[in-house]
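Bear in mind the structure is a predicted one, so any value in this text is a computation, not a measurement.
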Amino acid sequence: MARRSLIEPLLLDLRDGSPAARRRAAGRAYRLAFGVLAAPGVVLGAAYALLGQPALLPVAVVLGLAVLAAGVAGGALWLAGRTARATDLPPVQAQVGAAIQAASAPAVPFLFGCSLLAQPLAALALFALAAAFFLWAQARLDRFAR
């Protein structure tokens, strides 16, 4: 039996074109885009933590990174909402495009966390922030539909 690719179900949903299929496509695109953004961060962050001698950052710097990550993530969600409301795009393109853009919201704090794997508490805090943005953005996917 042939193995299906990760993108095949997304393409099938896009071809279907029904509102339910568009919602499924947006969810699939969102999770796939997040994975594409996050996977290199895990590898590079682990390599940096294990092979390098990373300097430990003060708590104030970690808090500053968390605030910066939250600001960039919020901006990414705002831009994704603008894409979803774009009237010059076909509905499916607006919805799936917004979902792909929204994936960068949790990816930013996640990647910051990956860069701090040598500081487990700091990394955990940023991963928690990434999880919150992941769930928030995922909940907004239905709002991206027209």
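Here the closest non-hydrogen pair linking Ala102 and Ala137 is O-CB, 4.1 Å. Taking every heavy atom of both residues into account, Leu141 and Ala99 meet most closely at CD2-CB, 3.6 Å. Nearest heavy atom pair, residue Ala33 against residue Ala103, reads CB-CB, 3.6 Å. The heavy-atom pair separating Pro9 from Ser5 by the smallest distance is CD-O, 3.4 Å. Considering all non-hydrogen atoms of both residues, Gln101 and Ala80 come closest at OE1-CA, 3.5 Å. Closest non-hydrogen pair, Ala73 versus Ala105, comes out as CB-O, 3.1 Å.
Note that SG of Cys114 is 13.5 Å distant from OH of Tyr48, once rounded to the nearest 0.5 Å. Interatomic distance, CZ of Arg82 versus CG of Leu77, reported as 14.0 Å (0.5 Å rounding). In this structure, the separation between CG on Leu32 and CZ on Phe34 is 12.0 Å, given to the nearest 0.5 Å. Taken to the nearest 0.5 Å, the OG1 atom of Thr83 stands 10.0 Å off from the CD atom of Gln93.
A donor-acceptor pair under 3.5 Å links the side-chain atoms of Ser18 to the main chain of Ala21, judged by distance alone. Proximity of a side-chain donor or acceptor of Arg85 to a complementary backbone N or O of Gly81 within less than 3.5 Å is detected.
No option in Leu37, Leu111, Val72 other than Leu37 meets the side-chain contact (heavy atoms from CB on, under 4.5 Å) test with Ser104.
Heavy atoms from other residues, nucleotides or ligands lying under 6.0 Å from CG of Leu121 number 12 at most.
Between Tyr30 and Phe134, the ring planes lie tilted relative to each other; the angle falls in the 30° to 60° range.
Taking Ala25 as the reference, Leu10, Asp13, Leu14, Val96 meet the side-chain contact (heavy atoms from CB on, under 4.5 Å) condition, with sequence neighbours excluded. Partners of Leu57 under the side-chain contact (heavy atoms from CB on, under 4.5 Å) rule, at least two apart in sequence or in another chain, are Val61, Val62, Leu65, Leu116, Gln119.
At a threshold of 4.5 Å between non-hydrogen side-chain atoms, the residues Leu117 and Phe127 count as touching.
Hydrophobic cluster membership differs between Phe112 and Leu124, with clusters built from Ile, Leu, Val, Met, Phe, Trp and Tyr side chains linked at under 4.5 angstrom.
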- Query: Going through the checks in order, is the ring pair (Phe, Tyr, Trp, His ring centres under 6.0 Å) test met by Phe133 and Phe110?
  - Reply: CA-CA 10 Å; Phe133 271 104; Phe110 183 84; over 10 Å; no
